[in-house]
There are 2 protein chains.
Amino acid sequence: MTNAFLLRLMEAGDLGDQELSALDDLCRSSRDVAAKKYLWREGDEMAAFPVILSGWAARYQILRNGARQITRLLLPGDAFYFEGSPDGFAVEEVITLSPCRIATIQRGDMRRLIERFPAVGEALRNYGCMENAVLSSWVVNVGRRDALERMAHLICETHFRLSQVDPQLGQQMPFPLTQDDLADVLGLTPVHINRKLQQLRQDGLIVLRSKQLTIHDLRSLQQIAGFDSAYLAPRRQVPRQRPNAAAA
Amino acid sequence: MTNAFLLRLMEAGDLGDQELSALDDLCRSSRDVAAKKYLWREGDEMAAFPVILSGWAARYQILRNGARQITRLLLPGDAFYFEGSPDGFAVEEVITLSPCRIATIQRGDMRRLIERFPAVGEALRNYGCMENAVLSSWVVNVGRRDALERMAHLICETHFRLSQVDPQLGQQMPFPLTQDDLADVLGLTPVHINRKLQQLRQDGLIVLRSKQLTIHDLRSLQQIAGFDSAYLAPRRQVPRQRPNAAAA
DNA sequence: CGGAACATTGACGATAATCAAAGCGAGTGG
DNA sequence: CCACTCGCTTTGATTATCGTCAATGTTCCG
């Protein structure tokens, strides 16, 4: 039972063995999807909600002028499109960034499960809150940090979120984003991304080659980014630390 | 029963009279809060979740360098801090932007209500999805739109969200944000906000005076912003329109 | 009346965008 | 097996949007 989705939900709520194995059952049927394939595009039916068991995907919007903004990275364990209404809030499209394994849970199944185990419903609500927290932090990132800080923050965030569902994760991690993708995540241009990436490399903080990212100095990255994992890990935090901002 | 929170939840899910009146009961006890008061700051207890019955508030983060980014505007009917875990994802602080009337619902009461009426739980999950959609659109806004477009989009969004809980809303609406607040919403500087506001005024699109905003040309604003209300109103949309992007 | 918060204006600077071209690397097909 | 191509990365030169700094106006409120 090493299902990434279960691990994420366990972060979000207190689930017993019964709940977990029932959820696991719902993830039984899964399929493989290649990289750069649409998981969903505007106009498609969406009668179920997909869960990413492995691989990376992205939600994004395209503006009239053709600009793209990625609004969310979907990492292993992430789910999307909870809404009950078929014509939901889904203005966005989804594409895989790497080969993915995807489970598709039928809405009806999930609804029944929640009625049987209210704790699952609560975990899902909390999971939604965590998503909100990530989105908020992206708004902050794009709104108030410069290019280097944004990159550092993104790296810290993805590393942490990956480590939540893969405790063995060390310095090295998959990082399937191209520089164009990175630009569309961080609200910058590919050219600028390239230059700032080089800066991080030259400073010896990271190595990024053939979609593998090696973090050589996590401390410095967190320092640059002002990264604090609190928003991603509600119950893991030991004592809540007061701000006490002795800022650098 | 003109409670703004109920109106928002009715947007999000199918609630019957029973559910609605039970929810209404939970909002009974409410209090008035003046403008520019902290509703919540890091370190505070948060054993309940507040609901805004009237007035505006904002969630924000402060960075080490003192920069502030507002991550969410809380309009009438909005709730915050759903998380069940007391040490939740609450890295952010909340402040009122105008005098507010706030109801405080006890977590336990809400949990019991959801167990009795699963539809309420679903509505809350959907409401969380709508929050997600708003946050996504903010990421897009700050990431890929220039100053003028951002302002226009924010105006369209707030006007629409306000109209959802106040059907009588016309051209004119409350707009309690100072230019500093606006800057912190849009990821810009107050000086720049000022200049772009003047541009909107000179083009005859809006009038903004003493915290009242009058929209003289909503069409043009939407045009500038590339605004489409779909992401805010799931079930109201008549037929889902295909992209068919004959972009300007 | 006085003061504080907020709005406006101008001059200058910097981060990031744009444009364009060249290099690199991996997979494909001849 | 090699040439070719396509996607991706790198580099340089120039531009522009937006930020910074600083001063002056204005409105509101006790």
5'-most by nearest nucleotide on DNA chain C - B/P190 or B/R144 = B/P190
Is the number of heavy atoms from other residues, nucleotides or ligands within 6.0 Å of NZ (B/K36) greater than 12?
-> yes
Rounded distance in Å - CG (A/L182) to P (D/dT10) | 11 Å
Interatomic distance, CD@A/Q222 vs CZ@A/F160, rounded to 0.5 Å, equals 9.5 Å
Tell me: CG of A/D181 to C1' of D/dC8, nearest whole Å?
-> 11 Å
Does D/dG7 have OP1 or OP2 sitting under 4.0 Å from an N or O in the side chain of A/Q179?
-> no
Between D/dT17 atom P and B/I193 atom CD1, what is the distance in whole Å?
-> 16 Å
Side chains of A/N132 and B/E131: donor-acceptor distance under 3.5 Å anywhere?
-> yes
A/R201 side chain N/O closer than 4.0 Å to the phosphate oxygens (OP1, OP2) of D/dT9?
-> no
For B/R145 and C/dA17, what is the distance between atoms CZ and C1' respectively, to the nearest whole Å?
-> 18 Å
Among the nucleotides C/dA17, D/dT20, C/dA16, which one has an atom lying closest to any side-chain atom of B/T189?
-> D/dT20
Out of C/dA16, C/dT18, C/dC6, which nucleotide sits closest to the side chain of A/V191?
-> C/dT18
Check: C/dG10 base within 3.5 Å donor-acceptor of B/R195 side chain = yes
Would A/S136 and B/R72 count as having a side-chain donor-acceptor pair, cut-off 3.5 Å?
-> yes
Compare the minimum distances between each of C/dA20, D/dC28, C/dA16 and the side chain of B/S210, then state the nucleotide with the smallest one.
-> D/dC28
Nearest whole angstrom, please: distance from the C1' of C/dA17 to the CG of B/D146.
-> 12 Å
Any A/N194 side-chain N or O less than 4.0 Å from OP1/OP2 of D/dT10 = yes
Roughly how many Å is it from NE2 in B/H192 to C1' in C/dT8, rounded to a whole number?
-> 15 Å
Using a heavy-atom cut-off of under 4.0 Å over every strand shown, decide if B/L197 touches base, sugar-phosphate, or nothing.
-> nothing
Phosphate contact (D/dT11 OP1 or OP2) by A/Q198 side-chain N/O below 4.0 Å | yes
Closest contact, heavy atoms only, A/A152 versus A/L221 = CB-O, 3.6 Å
Separation of C/dA26 atom P from A/K211 atom NZ, nearest Å, is 11 Å
Rounded to the nearest Å, what distance is computed from the CG atom of residue A/L208 to the C1' atom of nucleotide D/dT10?
-> 14 Å
